There are 2 protein chains.
Amino acid sequence: MTKKLRRSKQRSRMLELLRSTEQHPTATWLYDELRKEFPTVSLGNVYRNLSILVEQGYVHKLDFGSTFDRYEAADGQHAHFMCRGCGRIYDLPMPDLEGYSHRRDIDGHRLESARVEFFGVCHECAAETESS
Amino acid sequence: MTKKLRRSKQRSRMLELLRSTEQHPTATWLYDELRKEFPTVSLGNVYRNLSILVEQGYVHKLDFGSTFDRYEAADGQHAHFMCRGCGRIYDLPMPDLEGYSHRRDIDGHRLESARVEFFGVCHECAAETESS
DNA sequence: GTCCGTGCAAAAGCTTTGCAGCCTT
DNA sequence: AAGGCTGCAAAGCTTTTGCACGGAC
């Protein structure tokens with residue numbers, strides 16, 4: 001069962017910071033900001049609290065779903081489906097993105113490439129869960 | 001100027017492996033496969049060759065564009081634009097994905113969330129390059 | 001012969017974890 | 001008082017890098 005959570009000034013402030021910034025901070029950025037108010041805060045605790053906030057759904061982690069990089073041969077555009085059960089990555093046809101993919105710029109930024117990723121539970125993992 | 005590249009059995013084989021697999025391997029997986037044929041190959045060399053293959057455009061790296069995780073407060077769906085110049089991440093409205101976002105499954109996989117990322121050079125970085 | 005590619009080993013960088021004491025409830 | 005939260009430090013893991021030697025051109 002899940003632990004009952006308490007409230008901590010550090011964690012509350014972290015969420016405030018994340019909500020008040022336009023940036024998409026790294027753990028270290030948060031650490032530096034937090035240290036202005038809690039000079040003794042530790043980086044380890046920032047990571048610990050981030051993982052709690054992510055688990056609670058208050059924060060999104062913009063990583064790739066696993067701690068190591070993945071590679072694929074470069075053969076055309078496609079989207080990916082990532083299974084949170086087994087970690088497998090499936091290829092999918094690239095959706096059209098309302099024509100974005102053919103545009104040269106977005107909001108004034110020069111567009112070079114796009115990536116689309118879906119997350120969920122894959123067919124095989126869903127089958128396993130049901131049968132057990 | 002760029003170094004003139006030679007050809008190496010290890011690197012050629014790495015590309016073959018990447019092209020022959022449906023998976024999206026990690027460096028370690030490649031390392032293990034490669035060791036079956038080149039028992040003395042080193043993990044460091046796998047990384048070195050991967051970076052060469054990526055630079056040559058033969059291979060795509062499925063990372064997030066930077067070596068550390070980024071976080072954001074969870075406030076609704078949006079897409080991201082990532083600048084390869086300054087590393088900044090901008091929010092963009094989420095495109096419709098041809099209705100994918102409202103579907104419950106894709107290819108039999110249970111869909112829970114989606115992510116769209118654009119890559120390129122942001123307005124500010126483009127301006128800097130022009131003026132210098 | 002040149003100089004790129006390699007293996008080996010060490011280092012770097014981000015993230016996680018064990019522990020003892022503190023603070024919230 | 002109970003048990004989550006904290007700082008500190010050490011460890012873990014992926015990735016990078018320096019070096020001398022062997023191999024491709």
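Computed over heavy atoms, backbone and side chain alike; hydrogens, waters and symmetry mates excluded. Chain letters run A, B, ... following the sequence lines, proteins first, then strands; residues in each count from 1. Because the structure is a prediction, the values reported are computed rather than measured.
At least one side-chain nitrogen or oxygen of B:Q10 sits closer than 4.0 Å to the OP1 or OP2 atom of C:dG7. A:N45 has no side-chain polar atom (N or O) that falls below the 4.0 Å cut-off from OP1 or OP2 of D:dC8.
The CZ-C1' distance, from A:R35 to D:dC8, rounds to 14 Å in whole Å. Residue B:L62 contributes atom CG, which lies 12 Å from atom P of D:dT15 at whole-angstrom precision. Between A:N49 atom CG and D:dG4 atom P there is a gap of 14 Å when expressed in whole angstrom units. Atom CG in B:L30 sits roughly 14 Å away from atom P in C:dT6 (whole-Å rounding). For the pair A:D69 CG and C:dG13 P, the computed distance is 17 Å after rounding to whole Å. Atom OH in B:Y47 sits about 19 Å away from atom P in C:dA10, given to the nearest Å. Rounded to whole angstrom, the span from the CZ atom of A:R48 across to the C1' atom of C:dC14 amounts to 16 Å. A:Y31 has its OH atom 15 Å from the C1' atom of C:dT16, to the nearest Å.
Donor-acceptor pairing under 3.5 Å, judged by distance alone, is absent between the side chain of B:R13 and the base of C:dG5.
Within the nucleic acid shown, B:R11 comes within 4.0 Å of sugar-phosphate atoms alone, with no base atom in reach, counting heavy atoms only.
Residues B:Y71 and B:V41 each lie close to DNA chain C; by heavy-atom proximity, the contact nearer the 5' end of the strand is made by B:V41. Residue-to-nucleotide proximity on DNA chain C shows that, of B:S42 and A:T28, the 5′-proximal contact is made by B:S42.
Using modelled atom types, one finds a donor on one side chain and an acceptor on the other under 3.5 Å when comparing B:H24 with A:E72.
The minimum heavy-atom distance linking A:V41 with A:Y31 is given by the pair O-CE1, 3.3 Å. Among all heavy-atom pairs drawn from A:H109 and B:F81, the shortest one is CB-CZ, 3.2 Å.
With salt bridges taken as basic N to acidic carboxylate O contacts below 4.0 Å, none links A:K9 and A:E37.
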Summarise how protein sits on nucleotides 20-25 of chain D as a single string, 5' to 3': B when a protein heavy atom is under 4.0 Å from the base, S for sugar-phosphate-only contact, - for no contact. ---BBS

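Between A:Y90 and A:H123 there is no side-chain heavy-atom pair separated by less than 4.5 Å.
The backbone N or O of A:L17 lies less than 3.5 Å from no partner atom in the side chain of A:T21, so there is not a single donor-acceptor pair.
Between the CZ atom of B:R11 and the CD1 atom of B:I52 there is a distance of 4.0 Å, given to the nearest 0.5 Å.
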